[in-house]
Amino acid sequence: MDLKKIIEQANELANEKGFWEDYDNMIKKMKGLPKQFSEEDIDRIKMAFYNEKISLISSELGEATESMRIGKFYKGGEEGIKTLFEIANSGKDFQFHAAYSTHVKDTFEDEIADSFIRLCDMCQKMGIDIESFVRLKMEYNKMRDDKHGKKF
């Protein structure tokens with residue numbers, strides 16, 4: 001699956017699970033009121049919601065750090081991942097949930113995935129073509145000094 005599709009699916013799932021419900025309802029209400037809120041007011045509310053999402057991404061990264069601190073990493077290898085996908089695609093939801101909870105949940109990799117999913121979701125909602133910006137940044141970084149001129 002390509003990155004654009006992952007980004008779209010991250011946002012679709014977040015919408016399905018209600019993660020943007022408050023945002024969508026608030027903006028809809030504000031736009032529906034007669035001239036009480038300017039576009040600048042609405043943009044400020046949007047930025048507050050986006051800042052909340054950034055905080056949640058940071059929280060997931062903190063959880064990744066904690067997983068690393070206690071040494072909780074996924075140990076099933078590529079074969080284990082393949083098996084988990086096979087279970088997930090077989091429609092055996094209970095079996096997949098149990099296997100994922102036992103072998104993947106709360107590992108470093110799981111928390112990094114949460115961070116990435118939340119970041120993709122937010123970029124999609126904000127209309128940011130993050131794939132292009134990542135590519136641009138990588139081109140820029142090619143021209144920078146080692147460690148970008150810093151100690152680490």
Side-chain angles (χ1 to χ4, degrees), residues 1-76 78 80-141 148:
M1 183 180 315
D2 71 358
L3 185 55
K4 285 190 186 302
K5 192 69 176 165
I6 290 169
I7 291 167
E8 289 169 5
Q9 286 185 355
N11 181 249
E12 288 171 13
L13 186 57
N15 279 314
E16 284 175 24
K17 297 298 181 180
F19 284 104
W20 288 101
E21 188 174 354
D22 292 339
Y23 171 93
D24 291 335
N25 288 337
M26 179 66 72
I27 300 306
K28 186 176 179 181
K29 284 177 188 176
M30 289 176 75
K31 287 185 175 185
L33 295 172
K35 300 289 179 188
Q36 291 182 340
F37 294 99
S38 67
E39 284 302 313
E40 185 178 294
D41 292 333
I42 293 170
D43 285 343
R44 288 180 71 203
I45 295 296
K46 286 179 179 181
M47 291 303 118
F49 274 103
Y50 297 147
N51 194 46
E52 176 185 275
K53 299 301 180 183
I54 291 168
S55 293
L56 292 171
I57 294 163
S58 296
S59 173
E60 296 294 352
L61 290 170
E63 291 174 7
T65 299
E66 205 49 36
S67 294
M68 183 183 282
R69 288 181 70 212
I70 63 173
K72 191 164 184 185
F73 294 92
Y74 174 71
K75 293 175 178 60
E78 288 182 34
I81 291 171
K82 182 180 173 186
T83 300
L84 283 165
F85 273 117
E86 288 171 359
I87 295 168
N89 293 328
S90 72
K92 299 175 182 173
D93 293 348
F94 180 79
Q95 186 178 354
F96 173 75
H97 187 274
Y100 189 93
S101 296
T102 302
H103 301 288
V104 181
K105 186 78 178 104
D106 300 326
T107 61
F108 175 77
E109 295 84 353
D110 182 48
E111 301 302 347
I112 290 294
D114 281 341
S115 305
F116 185 76
I117 290 165
R118 285 189 181 276
L119 185 59
C120 290
D121 168 42
M122 185 184 77
C123 288
Q124 179 73 12
K125 187 69 168 188
M126 293 179 75
I128 297 170
D129 179 1
I130 196 61
E131 184 175 15
S132 292
F133 281 97
V134 167
R135 287 185 176 146
L136 284 171
K137 184 65 178 195
M138 289 172 65
E139 288 300 317
Y140 175 75
N141 285 345
H148 302 181

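Starting from 1, each residue takes its place in the sequence as its number.
- Rounded to the nearest 0.5 angstrom, Met138 CE and Leu136 CG are separated by 11.0 Å.
- Between Lys125 and Asp24 there is a salt bridge, with a side-chain nitrogen of the basic residue lying less than 4.0 Å from a carboxylate oxygen of the acidic one.
- Taking every heavy atom of both residues into account, Ala64 and Phe108 meet most closely at O-CD1, 3.3 Å.
- Asp43 places none of its side-chain heavy atoms less than 4.5 Å from the side chain of Met47.
- The backbone N or O of Tyr74 sits less than 3.5 Å from a side-chain atom of Glu109, completing a donor-acceptor pair.
- Distance check, rounded to the nearest 0.5 Å: CZ of Phe49 to CD1 of Ile45 gives 7.0 Å.
- Annotation: the span from Lys82 atom NZ to Glu86 atom CD amounts to 5.5 Å, rounded to 0.5 Å.
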Given side-chain contact (heavy atoms from CB on, under 4.5 Å), test Leu56 with Phe19 step by step and report yes or no. CA-CA 11 Å; Leu56 292 171; Phe19 284 104; 5.7 Å; no
What's the verdict on side-chain contact (heavy atoms from CB on, under 4.5 Å) for Asp106 and Glu111, showing C-alpha distance, side-chain angles and the deciding distance? CA-CA 6 Å; Asp106 300 326; Glu111 301 302 347; 3.4 Å; yes
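- Within 6.0 Å of atom CD in Gln36, more than 12 heavy atoms from other residues, nucleotides or ligands are found, so the atom counts as buried in its surroundings.
- In this structure, Trp20 and Tyr23 have perpendicular ring planes: the angle between them is above 60°, well past the 30° mark.
- Atom OH of Tyr50 sits in a crowded spot, with more than 12 heavy atoms from other residues, nucleotides or ligands closer than 6.0 Å.
- For Asp41 (side chain) and Ser38 (main-chain N/O), a donor-acceptor pair under 3.5 Å exists by modelled atom type.
- Separating the CD1 atom in Ile130 from the CE atom in Met122 is a distance of 8.0 Å, to the nearest 0.5 Å.
- Here the side chain of Asp121 pairs no donor or acceptor atom with the backbone of Ile117 at under 3.5 angstrom.
- The distance from atom CG of Asn15 to atom CD of Glu21, rounded to the nearest 0.5 Å, is 10.0 Å.
- Residue Ile128 comes nearest to Phe133 through the heavy atom pair CG2-CD1, 4.2 Å, listed as atom of the first residue, atom of the second, then distance.
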Can Gln9 and Leu13 be said to form a side-chain contact (heavy atoms from CB on, under 4.5 Å), step by step? CA-CA 6 Å; Gln9 286 185 355; Leu13 186 57; over 6 Å; no
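- The two residues Phe116 and Ile6 have their closest heavy-atom pair at CE2-CG2, 4.1 Å.
- A donor-acceptor pair under 3.5 Å is absent between the side-chain atoms of Ser67 and the main chain of Lys72, judged by distance alone.
- Between the side chain of Ser101 and the backbone N or O of Ala98 there is no donor-acceptor pair closer than 3.5 Å.
- The number of heavy-atom neighbours closer than 6.0 Å to OH of Tyr100, taken from other residues, nucleotides and ligands shown, is above 12.
- Nearest approach of Val104 to Asp110, heavy atoms of both residues: O-CB, 3.3 Å.
- Applying the 6.0 Å contact sphere to CE of Met30 captures more than 12 heavy atoms from other residues, nucleotides or ligands.
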What's the verdict on side-chain contact (heavy atoms from CB on, under 4.5 Å) for Asp114 and Ile57, showing C-alpha distance, side-chain angles and the deciding distance? CA-CA 8 Å; Asp114 281 341; Ile57 294 163; over 6 Å; no
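- A 6.0 Å sphere centred on NZ of Lys92 holds no more than 12 heavy atoms belonging to other residues, nucleotides or ligands.
- Atom NZ of Lys29 is surrounded by 12 or fewer heavy atoms from other residues, nucleotides or ligands within 6.0 Å.
- Looking at Arg135 and Glu131, a side-chain N of the basic residue comes within less than 4.0 Å of a carboxylate O on the acidic one, giving a salt bridge.
- Both the sub-6.0 Å distance and the 45° axial angle are not jointly satisfied by Arg44 relative to the ring of Phe37.
- In this structure, CG in Leu119 is found 10.0 Å from OG in Ser58, a value given to the nearest 0.5 Å.
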